[in-house]
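Below: one structure, written as structure tokens.
Counting starts at 1 for both ligands and their atoms, following the listed order. All values below come from the heavy atoms of this structure, side chains included, with hydrogens, waters and symmetry mates left out.
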Amino acid sequence: MARTENELKSFIDDEKIFSLLEQGKNSSKEEILEIIQKSLSKQRLEPIETAKLLNVEDKELLDEIFKAANTLKEEIYGDRIVFFAPLYIGNKCINNCKYCGFQRDNTAIERKTLTLEELREQVKILESKGHKRLILVYGEHPDYDADFIAQTMRTVYDTKNKNGEIRRVNINAAPMEVEDYKKLKEAGIGTFQIFQETYHHETYQYLHPQGDMKGDYSYRLYGLDRAMEAGIDDVGIGALFGLYDWRFEVMGLLFHAIHLEEKFGVGPHTISFPRIEPALNNEYYNQTQYKVSDDDFKKIVAILRLSVPYTGMILTARETKEVRKEIIPYGISQIDAGSRIGIGGYTLDTLVPTKEQFQLGDTRELDDVVREMSEMNFLSSFCTACYRSGRTGEDFMCIAKPGDIQHFCAANGILTFKEYLIDYASPQTKIMGEKMIEKELEKIGKESPNRRELIENKIKLIEQGQRDVYI
Ligand code: SAM
Ligand code: SF4
């Protein structure tokens with residue numbers, strides 16, 4: 001765990017964040033509208049600008065923020081929502097994070113690691129529902145070293161059956177060393193995610209006991225730098241909301257994004273903003289004074305959308321279906337669905353509290369959520385084309401920034417959705433989904449009849465039985 005000089009001079013300075021949040025108070029209406037305009041021109045905001053937005057309480061101005069977040073989402077991501085599923089591989093853990101059901105002192109949790117055979121079984125079930133992207137989740141434990149993680153990744157990619165295949169495997173695991181990340185790169189990793197949990201140093205130290213692996217704030221903070229140094233192009237940052245003041249955490253996420261952008265020429269691929277949930281035999285949820293209300297949660301999502309226009313934003317099934325429906329239009333680009341977070345939870349197809357990390361809010365099946373997205377005029381996408389065409393990291397941003405991403409993603413979103421509708425959807429979802437595809441084609445056709453024709457030709461190939469068709 002050697003530290004470079006740079007790492008010791010952290011890019012998260014608590015005092016600076018407090019001071020910016022203080023300076024951000026009492027901005028004029030004109031100043032706020034100007035910041036919103038800057039976001040709409042798709043420029044990343046400076047910390048003082050985000051701090052000003054975080055202090056807005058005037059209802060009319062808040063409505064302007066929400067409206068702009070919605071516009072920006074549409075302009076950059078179109079109507080698409082990308083789907084994925086979490087797959088928990090093992091819940092053994094050597095850490096004692098105060099808020100987590102997997103903490104080592106929790107004797108009520110049944111400890112379990114999937115065998116490779118059990119893993120294959122889980123993957124086949126997920127494939128049979130139509131999933132193409134997974135995020136594999138691990139506790140922190142010597143059993144879950146880079147070799148093991150790489151082996152589980154390879155097993156997932158190799159588990160192909162007539163129902164389809166997983167085309168992108170993302171990882172959420174403890175931070176590691178550069179040499180270890182390289183093993184994951186070799187195994188074909190998509191995104192490596194690490195949530196800092198809280199960016200506030202003192203709170204971090206309180207929640208993650210010193211002496212634990214996770215007790216080292218700085219090692220975790222620079223965990224994604226090491227991943228990028230190892231050649232992993234896409235990294236995901238996140239904060240667990242409910243541990244400390246939400247305004248501070250949004251500033252922490254922004255500083256983290258800026259740091260990666262400045263150091264590697266490209267910011268994080270995604271941002272996650274889980275809210276704390278109750279966990280089995282764990283009282284922290286009832287004790288924390290920082291729980292985020294639904295109204296504030298909506299502000300968090302909209303202000304992040306405005307602050308980092310080109311970063312993907314993930315909303316998980318921790319949230320209830322009502323909250324998800326309300327929040328998605330303000331900037332979300334990825335959601336999970338049909339999720340089970342017990343170890344082996346997909347086989348049992350039921351909730352297993354003694355093996356779960358926390359409680360999920362939205363336990364509907366993938367098909368139900370896909371149908372709801374069509375009803376809301378969102379196009380469900382299972383696209384993984386960029387990664388397989390080498391459009392990741394900086395390359396992805398080069399395409400994404402001028403807005404070209406729209407063309408690839410709109411087409412590939414439609415093509416993967418068509419595959420889903422033919423292979424997996426219920427009759428009702430199929431009807432809604434086909435209507436949604438028709439609406440998208442009409443929109444594209446108005447802009448470019450040629451592009452519509454190109455996509456329609458590819459759709460024909462799918463109807464004739466070809467799969468994994470993308471441009
Ligand atoms: N063990 C690894 C780690 O801590 O980084 C990776 C997996 S951990 C199971 C994934 C994430 O779950 C954590 O980073 C944390 O943000 C989140 N989490 C933990 N306890 C939670 C709770 N009670 N409610 C919601 N999310 C929680
Ligand atoms: Fe272990 Fe991660 Fe849970 Fe902490 S958050 S107890 S490291 S699984």
Side-chain angles (χ1 to χ4, degrees), residues 86-109 111-113 134-146 148-149 152 170-176 184 191-199 203-204 206-209 211-217 219-224 227 235-244 249 252-253 270-288 290-292 297 314-320 323 336 339-343 345 353 355-362:
L87 176 49
Y88 278 63
I89 305 292
N91 62 7
K92 291 189 194 174
C93 197
I94 52 169
N95 293 319
N96 233 353
C97 311
K98 283 198 165 60
Y99 45 82
C100 180
F102 290 170
Q103 59 169 224
R104 68 167 182 265
D105 285 353
N106 191 355
T107 48
I109 282 273
R111 305 289 166 172
K112 162 88 186 142
T113 306
L134 297 185
I135 178 141
L136 308 187
V137 186
Y138 309 74
E140 179 159 8
H141 192 273
D143 287 359
Y144 311 147
D145 61 8
F148 174 75
I149 294 178
T152 52
N170 299 330
I171 299 291
N172 185 320
M176 41 182 94
L184 308 190
T191 307
F192 196 95
Q193 263 187 4
I194 301 174
F195 303 159
Q196 187 61 22
E197 320 296 11
T198 173
Y199 285 92
T203 306
Y204 187 94
Y206 166 71
L207 293 169
H208 307 100
D212 272 11
M213 283 300 284
K214 196 160 163 180
D216 189 336
Y217 178 106
Y219 187 71
R220 194 169 180 87
L221 189 65
Y222 286 89
L224 293 174
V235 298
I237 64 173
L240 179 55
F241 282 85
L243 304 182
Y244 189 61
E249 304 296 14
L253 288 167
T270 54
I271 296 193
S272 302
F273 25 85
R275 274 196 291 186
I276 187 160
E277 296 292 333
L280 181 75
N281 200 25
N282 183 305
E283 275 308 299
Y284 194 76
Y285 178 83
N286 297 322
Q287 290 162 358
T288 179
Y290 293 110
K291 273 198 280 295
V292 173
F297 192 54
I314 301 178
L315 183 67
T316 69
R318 287 176 179 85
E319 301 298 336
T320 61
V323 168
D336 57 331
S339 302
R340 299 290 179 268
I341 57 171
I343 314 295
K355 288 185 193 159
E356 277 168 9
Q357 190 194 5
F358 49 80
Q359 287 170 18
L360 286 181
D362 186 355

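- Ion pairing of R104 with D212 is present here, as a side-chain N (NZ or NE/NH1/NH2) and a carboxylate O approach within less than 4.0 Å.
- Atom 4 (Fe) of ligand 2 has an N, O or S atom of C97 inside 2.8 Å of it.
- The one candidate from I171, N172, D336 that meets the side chain to side chain contact (heavy atoms under 4.5 Å, CB included) condition with I135 is N172.
- Remark: ligand 2 atoms within the under-4.0 Å shell around heavy atoms of Q103 are 6 (S).
- Those atoms of ligand 1 with a heavy atom of Y138 less than 4.0 angstrom away are 1 (N), 2 (C), 6 (C), 7 (C).
- Taking every heavy atom of G139 and a limit of under 4.0 angstrom, the matching atoms of ligand 1 come to 1 (N).
- If you look at H208 next to ligand 2, there are no close heavy atoms at all, none under 4.0 Å.
- Distances below 4.0 Å separate heavy atoms of C93 from the following atoms of ligand 2: 1 (Fe), 6 (S), 7 (S), 8 (S).
- Nearest to atom 24 (N) of ligand 1 by heavy atom, out of E277, E197, H208, is E277.
- Which parts of ligand 1 touch R275 is read off a 4.0 Å heavy-atom cut-off, strictly below it: atoms 25 (C).
- Contact annotation for Y284 and ligand 1: no heavy atom of the residue comes within less than 4.0 Å of the ligand.
- For the pair R275 and E319, the salt-bridge criterion is met [side-chain N within less than 4.0 Å of a carboxylate O].
- Atoms of ligand 2 found under 4.0 Å from any heavy atom of N95, numbered from 1 in the order shown, are 7 (S).
- Residue contact check: V137 has heavy atoms under 4.0 Å from atoms 7 (C), 9 (C) of ligand 1.
- Under the 4.5 Å side-chain criterion, counting only non-hydrogen atoms from C-beta, R220 is in contact with E197.
- Every atom of ligand 1 is numbered from 1 in the order shown, and the set under 4.0 Å from a heavy atom of R318 is 12 (O), 17 (C), 25 (C), 26 (N).
- Listed by number with element, the atoms of ligand 1 under 4.0 angstrom from any heavy atom of Y99 are 19 (C), 20 (N), 22 (C), 23 (N).
- You'll find the ring centres of F273 and F241 outside the 6.0 Å limit.
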